[in-house]
Amino acid sequence: MDFRPPPRLEVHALACERGERLLFRQLSFTLDAGQMLLVQGGNGQGKTSLLRLLAGLGRPDAGQVCWRGEPLARGRDSYHREMAYLGHANGIKDELDPAENLRFNNGLHDRPFDIDRAIATLERLGLARSLGLPCRALSFGQRRRVALAALLLAEARLWILDEPLTGLDVHAVALVEGLIREHLQAGGLAVATTHQVLNLVGVEVQHLLVGAATSAAAH
């Protein structure tokens with residue numbers, strides 16, 4: 001039996017500066033199981049900076065991020081076991097084939113690796129014909145699909161996605177939308193930025209606008 005507090009991402013009065021510039025301040029929201037937060041705002045307004053703070057890749061200038069009621073500063077390791085981050089860079093090694101990349105990624109995060117499941121996940125994402133190719137021979141969209149396969153294999157409760165639809169065709173976009181819906185309907189949580197419209201009918205989506213150094217709260 002799991003006696004931990006329920007999965008909940010809480011952000012309290014977060015502030016972020018880049019150089020001399022204040023990107024946002026007093027930013028707060030709460031995200032529970034089955035919910036998604038869509039972060040919106042213009043280019044350079046702090047969307048990626050916010051996601052990197054949520055992923056534990058930086059420290060806020062004020063405020064704090066909590067997972068299951070515990071600040072990241074105290075529970076960073078346990079948080080990283082339950083969180084998966086997909087940024088602008090795919091994190092793919094050119095010399096490795098897709099399955100080798102997934103093995104490397106799981107090893108990097110100390111997660112068990114099942115080759116059969118990895119192959120099945122890659123095939124589900126439309127990479128059946130690319131399994132034997134080094135990733136340098138793949139298109140950007142195919143490399144993005146390898147990164148998405150790593151996201152699925154992580155079995156993380158919380159997904160943090162920075163422009164996950166970049167470089168994907170309409171069929172792949174529909175696939176990603178379906179993966180997000182499945183994740184949320186299974187009790188997962190997601191935070192994402194995207195310039196494209198997401199079709200997420202049937203799931204609960206909050207919206208958060210960042211920019212112009214204004215205070216913000218999800219609604």
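In what follows, every heavy atom counts, from backbone to side chain, and hydrogens, waters and symmetry copies are set aside.
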Worksheet item: Salt bridge between D169 and R144, side-chain N to carboxylate O under 4.0 Å?
Response: no
Worksheet entry | Non-hydrogen side-chain atoms of L138 and P98 separated by less than 4.5 Å | yes
Worksheet item: Would a hydrophobic clustering, with Ile, Leu, Val, Met, Phe, Trp and Tyr connected at side-chain separations under 4.5 Å, put I115 with I92?
Response: yes
Discussion item. What I'd like to find out is whether the side chain of V173 reaches to under 4.5 Å of the side chain of Q196, using heavy atoms alone.
Written reply: yes
Worksheet item: Once you round to the nearest 0.5 Å, how far does SG of C66 lie from CZ of R74?
Response: 8.0 Å
Discussion item. Less than 4.5 Å apart, side chain to side chain, heavy atoms only: is that true for L165 and L198?
Written reply: yes
Discussion item. Keeping D32 on the side-chain end and R8 on the backbone end, is there a donor-acceptor pair under 3.5 Å?
Written reply: no
Worksheet item: How many angstroms lie between atom CD1 of I119 and atom CG of L131, to the nearest 0.5 angstrom?
Response: 5.0 Å
Worksheet item: Salt bridge between E82 and R68, side-chain N to carboxylate O under 4.0 Å?
Response: yes
Worksheet item: Is there a chain of hydrophobic side chains (I, L, V, M, F, W, Y, each step under 4.5 Å between heavy atoms) that links L51 to L31?
Response: yes
Discussion item. How long is the straight-line distance from CD1 of I180 back to CE of M36, given to the nearest 0.5 Å?
Written reply: 4.5 Å
Discussion item. Quick check on the hydrophobic clustering: are V11 and L57 connected, directly or via other members, by side-chain heavy-atom contacts under 4.5 Å?
Written reply: yes
Worksheet item: Is the backbone of R157 close enough, under 3.5 Å, to the side chain of H183 for a donor and an acceptor to pair up by distance?
Response: yes
Worksheet, complete the sentence: Separation between CE (M83) and CD1 (I160), nearest 0.5 Å, reads 5.0 Å
Worksheet item: Between the side chains of H195 and E163, does any donor sit under 3.5 Å from an acceptor?
Response: yes
Discussion item. Hydrophobic cluster membership, with links at side-chain heavy-atom distances under 4.5 Å among I/L/V/M/F/W/Y: are L38 and L200 in one?
Written reply: yes
Worksheet item: K47 side chain to G41 main-chain N or O, any donor-acceptor pair under 3.5 Å?
Response: yes
Discussion item. A side-chain contact here means heavy atoms from C-beta on lying under 4.5 Å apart; do L54 and L50 qualify?
Written reply: yes
Discussion item. Between N101 (side chain only) and L96 (backbone N and O only), is there a donor and an acceptor less than 3.5 Å apart?
Written reply: yes
Discussion item. What's the separation between atom CG in D162 and atom OG1 in T48, rounded to the nearest 0.5 Å?
Written reply: 3.5 Å
Practice prompt. Please report the closest heavy-atom contact between C16 and L53, naming both atoms and the distance.
Written response: CB-CD1, 4.0 Å
Discussion item. I want to check something: taking the side chain as every heavy atom from C-beta on, are L23 and V210 in contact at a cut-off of under 4.5 Å?
Written reply: no
Worksheet item: Of the non-hydrogen atoms in H80 and G56, which two are nearest, and what is the gap between them?
Response: NE2-CA, 4.1 Å
Worksheet item: Side chain of S139, backbone of Q142: donor and acceptor closer than 3.5 Å?
Response: yes
Worksheet entry | Listed partners of W159 passing side-chain hydrogen bond (donor to acceptor under 3.5 Å, both in side chains), at least two apart | none
Item to complete: Step by step, work out the side chain to side chain contact (heavy atoms under 4.5 Å, CB included) result for N90 and F140.
Response: CA-CA 9 Å; N90 291 315; F140 180 86; 3.7 Å; yes
Discussion item. On a heavy-atom basis, which atom in L168 and which in R145 lie closest, and how many Å separate them?
Written reply: CD2-CG, 4.4 Å
Practice prompt. Grab the two heavy atoms, one from L133 and one from R129, that are nearest each other, plus how far apart they are.
Written response: CD1-O, 4.4 Å
Discussion item. For V201, is there any backbone N or O sitting under 3.5 Å from a side-chain donor or acceptor partner on R181?
Written reply: no
Worksheet item: L148 versus R124: any side-chain heavy-atom pair under 4.5 Å?
Response: no
Worksheet entry | V39 and F29, any side-chain heavy atoms less than 4.5 Å apart | no
Worksheet item: Is a side-chain N or O of T30 found less than 3.5 angstrom from the main chain of E10, in a donor-acceptor match?
Response: no
Discussion item. Walk me through whether V176 and L161 qualify under side chain to side chain contact (heavy atoms under 4.5 Å, CB included).
Written reply: CA-CA 11 Å; V176 171; L161 313 173; 5.9 Å; no
Discussion item. Is there a path of hydrophobic side-chain contacts, each under 4.5 Å between heavy atoms of I/L/V/M/F/W/Y residues, joining L151 to L153?
Written reply: no
Worksheet item: So does R103 pair up with D97, basic N to acidic O under 4.0 Å?
Response: no
Practice prompt. First locate atom OG of S28, then atom CG of L14, and finally report the distance between them rounded to the nearest 0.5 Å.
Written response: 8.0 Å
Item to complete: Just do the side chain to side chain contact (heavy atoms under 4.5 Å, CB included) check on R81 and D110 with the steps written out, would you?
Response: CA-CA 9 Å; R81 284 193 292 270; D110 197 27; over 6 Å; no
Item to complete: Please report the closest heavy-atom contact between W67 and P7, naming both atoms and the distance.
Response: CH2-CB, 3.8 Å
Worksheet, complete the sentence: Scanning both residues in full, the closest heavy-atom pair of L86 with A147 reads CD1-CB, 3.7 Å
Discussion item. Give me each pair satisfying salt bridge (charged side-chain N to carboxylate O under 4.0 Å, His left out) with a member in residues 49-65, each pair once, sequence neighbours excluded.
Written reply: none
Practice prompt. Could you tell me whether the side chain of L175 reaches within less than 4.5 Å of the side chain of L125, counting heavy atoms only?
Written response: yes
Discussion item. Checking N199 now: which residues fulfil side-chain hydrogen bond (donor to acceptor under 3.5 Å, both in side chains) with it, not counting sequence neighbours?
Written reply: none
